[in-house]
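First the structure, in the form of structure tokens, and then the observations on it.
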Amino acid sequence: MTPITIKQPFIITIFGASGDLAKLMLFPALYSLYEQGRLPVDFYIIGFARTKKTDSAFQQDFIASVKAAAGGVVNESALKKLSERVRYFTGEYGRSADFESYAKFLKSLKLPANSLHLAYFSVPSVAYKPIIENLAALSKSGLYHIRLILEKPFGVDKQSAEDIFHFALQHFEEEKFYLLDHYLGKPAVRSIMHLRESNRILSHMMRGYEIANVQITAFEEFGVKERASYFDQVGTIKDFVQSHLMQILALATMSLPIDKNAQSLQREKYGVLAAIECPHDPKNIVIGQYQGYTKENGVPQDSHTETFAALRLFIDRLDWFGVPIYVRTGKRLAKKQTYVVVELKKFPFQAANEPPNRLIFELYPFEQAHLTLLNKQEDPAALQEIIASHSVACNVKAKCLPPGHAPLLLDVLRGEKKYFLSFPEIIASWDVVDKISALIADNKIKLELYQAGSSGPAAHLRLPARDGFNWYSLPS
Ligand code: BG6
């Protein structure tokens, strides 16, 4: 298949261009698309931020960020050519006069009238409103065809998310918004759905009636790094569970969409997210903090922010009735690993100690799916496990698009919204998270300390144990 390439000229303006997201994710993603020849002849990358900076200083930042992300292995000449398309604009997000100058600056670039204008919000969500308002004023003057990319977290709770969305929709039509969670750009995450829709055998297996439990694990090895000031205000549940894990959960448990379009997929994901039974019982929630977190640069010494969370959830739908869904994630754990385990029910005549059939989607570090089939011989000692393993995407060592932002930027450029979120999905996820946050705020859940490099607080083992199950660990 020929790779997707973009022909339409475009400008991408990155608001918050001096931040981590831009440096760690967006610049490398743009480089990767350019280096693979997927971008058109005419385009510009513009950094818009408050700090004063020259074009050439910003170009140097751009080059340095790409090199750092690629571990120094880059196509030097491609990177140099790309950096010539990079410009910097100093402006305040809330000052309309700055946006008027910015409009003049865009015109001076003399791109064709059919050019797309991507506005990437790489800023905290409190800065969304002034930028949206100022862009709306510019778009009325018919500058460029605009698409707005908003990245998770969308607000800090349900109310702030609703507030942003109402505000946003007063200024732009809904179709102009691309609500981005970079997990939906990862080929392995997309594969959860591709495998289900391409293999009827899997779709049959993955119906709630057939399933004993679902487990989603997303462990990270590193701590808060230099993002403490952001992270300490939100914690793992808002940072990781609210969008990344809820989206994975939705892809694994939704009914298959009847159509291939974005609306069908978003509708099915919403159907699951809105049906998540919130864990009113604090026994269904375990939160933890790694030892040494409060000594990290920028973390208050008395911080109670959780760096680990595990939940026992249910989906309030007939097909999923009584099937527990366990999710767990945290920082400074033994190693980075992301995987989904779908454990199938056993027949009543199967012995309790017989292992169940499992379907495992490994998302990181390897991207593959396994299916365990048991072949039981008359002699109980001869129980055979047949593991069908299929690599569904390139693994981390192979040369491929960096997972996440690059495929999603390509999607925005071609107007494909399938792997973006809908407003209702986001609100439904916040609904769950807000209820958990309220229990935490009421001191109903104890913060467990755990050792850095461990598998998290031992207390989280009790969640599946309540139903007679165990967390599944991938063989190392
Ligand atoms: C981000 C979170 O959205 O995702 C980070 O804010 C987290 O805390 C990161 O580390 C994980 O992304 P990835 O692609 O490295 O798994």
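Hydrogens, waters and symmetry mates play no part in the numbers below; they use all other heavy atoms, side chains included.
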For the residue pair Tyr450 and Phe308, is the inter-centroid distance of their aromatic rings smaller than 6.0 Å? yes
Minimum side-chain heavy-atom gap Leu24-Leu21 below 4.5 Å: no
Check whether the side chains of Ser32 and Glu35 place a donor and an acceptor atom closer than 3.5 Å, and report yes or no. no
Over all heavy atoms of both residues, which pair between Pro9 and Pro40 is shortest? Give the atoms and the distance, please. CA-CG, 4.2 Å
Under 3.5 Å, is there a donor-acceptor pair linking the side chains of Glu362 and Gln337? no
Short side-chain donor-acceptor distance under 3.5 Å, Lys152 and Gln242: no
Applying side-chain hydrogen bond (donor to acceptor under 3.5 Å, both in side chains), which residue pairs with at least one partner in residues 5-14 are found, sequence neighbours left out? Thr5-Lys7, Thr13-Tyr102, Thr13-His117
Please, which pairs that meet salt bridge (Lys or Arg N to Asp or Glu O under 4.0 Å) have at least one residue in residues 8-17, sequence neighbours excluded? none
Just by modelled atom types, is the Asn284 backbone N or O under 3.5 Å from a matching donor or acceptor in the Asp281 side chain? no
On the six-membered ring of Tyr293, is Arg332 placed so that its NZ or CZ lies under 6.0 angstrom from the centre and within 45° of the ring axis? no
From the options Gln451, Lys331, Glu296, select the one residue that forms a side-chain hydrogen bond (donor to acceptor under 3.5 Å, both in side chains) with Tyr290. Glu296
Might you point out which heavy atoms bring Ile132 and His171 nearest each other, and give the distance in Å? CG2-CB, 3.8 Å
Arg317 side-chain N/O to Ala275 backbone N/O, donor-acceptor pair under 3.5 Å: no
Report the distance from atom CG of Leu447 to atom CD of Gln289, rounding to the nearest 0.5 Å. 5.0 Å
Hey, do the aromatic rings of Tyr34 and Tyr31 have their centres closer than 6.0 Å? no
For Ser160 and Asp157, which I'm curious about, is there any donor-acceptor pair between the side chains at under 3.5 Å? yes
Qualifying ring-ring contact (aromatic ring centres under 6.0 Å, His included) pairs, either residue in residues 198-247, two or more places apart: His182-His244, Tyr183-Phe240, Tyr183-His244, Phe240-His244
Where is the tightest heavy-atom contact between Ser473 and Tyr339, given as atom of each residue plus distance? CA-OH, 3.6 Å
Do the rings of Trp471 and His460 sit parallel, tilted or perpendicular, given the 30° and 60° boundaries? tilted
Which residue is it: Val214, Val241, Val327? I am looking for the one with a side-chain contact (heavy atoms from CB on, under 4.5 Å) to Leu249. Val327
